[in-house]
Structures are given as C-alpha cells and as structure tokens.
Amino acid sequence: MLRTTRTTRTAALAAVLLTPLVASAPMALRPPPAAQSAPSYAYQGTVHAVNVRAGWLEVITGVGMALRLVHMSTSPTTLLAGSGMALRLTDLKPGDFVRTDCRRTAAGLVASHIEKFEVPRP
C-alpha cells in the first residue's frame, strides 16, 4: 500500500514539474493547428473595366466617404448570375451594378461569385 502511494505521488509530482516544460516547447514540436479556410471578401459596386481575355474585372466600390477601385480575377469555377439566369464575363459592361464574393490568394483577389443586378433606369 505504501509503495503504490509513493508511486502515485512520484507520478503526480513528475506531471506537475514537466507541465511547464511541455507548454513552452518550440512550435516545431507541437502539432500543427487545424487548417483555416481563407477569409472571403464581399464587394458591391459598379463595374469599371472588364478584360475577358485576361479574365479580370475592376469594380468601383464605396468605402466610407471615399471610392475604391478593386481589381479581381476570375477562375473557371467563378459563378456568374443575374436576373435569375447564368451570365458570362462578356455580359458584364462598364456601368453594371454587381455584388462579388472573393478570396485572397497569392495572385490577388479571385472572384468566386459575381452577381449582376438590374438597376431601373429613369
């Protein structure tokens, strides 16, 4: 009985003394954190320019009291929609009102979804 108590106390003392050492271990020894998804960005504004051949567009959007020109690329998986039907990049013209969902990559912003809205003309 005395021996099991001593063994238990020794194990508990070892755990208490080694905990700070394990907690301060270098990052290389720790398991990597779970992968996080890339943050997405939503922009709403007016199409400024479209280059169908290069596969990009520029959108003018408002930021506070200022205007901002946002350059984004498209990919083959980019979804384009408007008025309940599918669109192509060639259907977008300067002056069209769009909402885009993008993600940041090493090459810059890449649009994953572009939606064109019909604005009533006066």
Side-chain angles (χ1 to χ4, degrees):
M1 175 95 171
L2 182 63
R3 186 176 185 116
T4 58
T5 305
R6 180 177 289 166
T7 306
T8 305
R9 284 185 182 172
T10 304
L13 180 61
V16 168
L17 293 176
L18 291 176
T19 299
L21 181 65
V22 171
S24 64
M27 291 299 286
L29 299 178
R30 294 184 186 176
Q36 297 177 354
S37 62
S40 64
Y41 302 90
Y43 295 103
Q44 190 169 295
T46 305
V47 174
H48 174 69
V50 178
N51 187 330
V52 177
R53 208 175 269 221
W56 58 260
L57 71 146
E58 291 178 338
V59 175
I60 299 172
T61 185
V63 179
M65 297 293 286
L67 294 177
R68 180 175 172 193
L69 186 64
V70 180
H71 178 88
M72 61 191 73
S73 301
T74 59
S75 68
T77 60
T78 301
L79 300 173
L80 287 117
S83 301
M85 63 177 137
L87 296 175
R88 295 182 312 232
L89 195 57
T90 56
D91 296 329
L92 294 177
K93 305 287 183 235
D96 288 342
F97 185 70
V98 294
R99 181 183 185 284
T100 63
D101 293 321
C102 305
R103 67 187 183 287
R104 187 162 301 280
T105 65
L109 281 178
V110 177
S112 57
H113 182 81
I114 301 172
E115 186 174 359
K116 177 182 170 184
F117 292 98
E118 294 298 325
V119 179
R121 304 284 178 190

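Keep in mind that what you see is a predicted model, and the values were worked out from it rather than measured.
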Checklist entry - Can the positive tip of R104 be found less than 6.0 Å from the middle of the six-membered ring of Y41, inside 45° of the ring normal? => result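 Flagged: R104 positioned over aromatic ring of Y41.
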Item to check | Flag, side chain of T74 to backbone of G55, donor-acceptor distance under 3.5 Å | outcome: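 Yes, T74 side chain to G55 backbone: donor-acceptor pair under 3.5 Å.
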Checklist entry - Within the distance-only criterion (no hydrogens, no angle test), does the side chain of S112 pair as donor or acceptor with the backbone N or O of D101 below 3.5 angstrom? => result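 Confirmed, S112 side chain pairs with D101 backbone.
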What closest approach, in Å, do [X] and [Y] show between heavy atoms, and which atom pair accounts for it?
| X | Y | value |
| --- | --- | --- |
| V98 | K116 | CG1-CA, 4.1 Å |
| T61 | Q44 | OG1-O, 2.9 Å |
| N51 | L89 | O-CD2, 4.2 Å |
| C102 | A111 | SG-CA, 4.0 Å |
| G62 | L67 | CA-CD2, 4.2 Å |

Verify the cluster assignment for [X] and [Y]: are they in a single hydrophobic cluster under the rule of side-chain heavy atoms below 4.5 Å apart?
| X | Y | answer |
| --- | --- | --- |
| Y43 | V110 | no |
| V59 | V52 | yes |
| V47 | L87 | yes |

Note, [X] side chain near [Y] side chain (heavy atom, < 4.5 Å):
| X | Y | value |
| --- | --- | --- |
| L92 | I114 | yes |
| F117 | R99 | yes |
| R68 | V70 | yes |
| H71 | L109 | no |

Between [atom1] on residue [X] and [atom2] on residue [Y], distance to nearest 0.5 Å:
| X | Y | atom1 | atom2 | answer |
| --- | --- | --- | --- | --- |
| T105 | M72 | OG1 | CE | 12.0 Å |
| H113 | S40 | NE2 | OG | 12.0 Å |
| L69 | T46 | CG | OG1 | 11.0 Å |

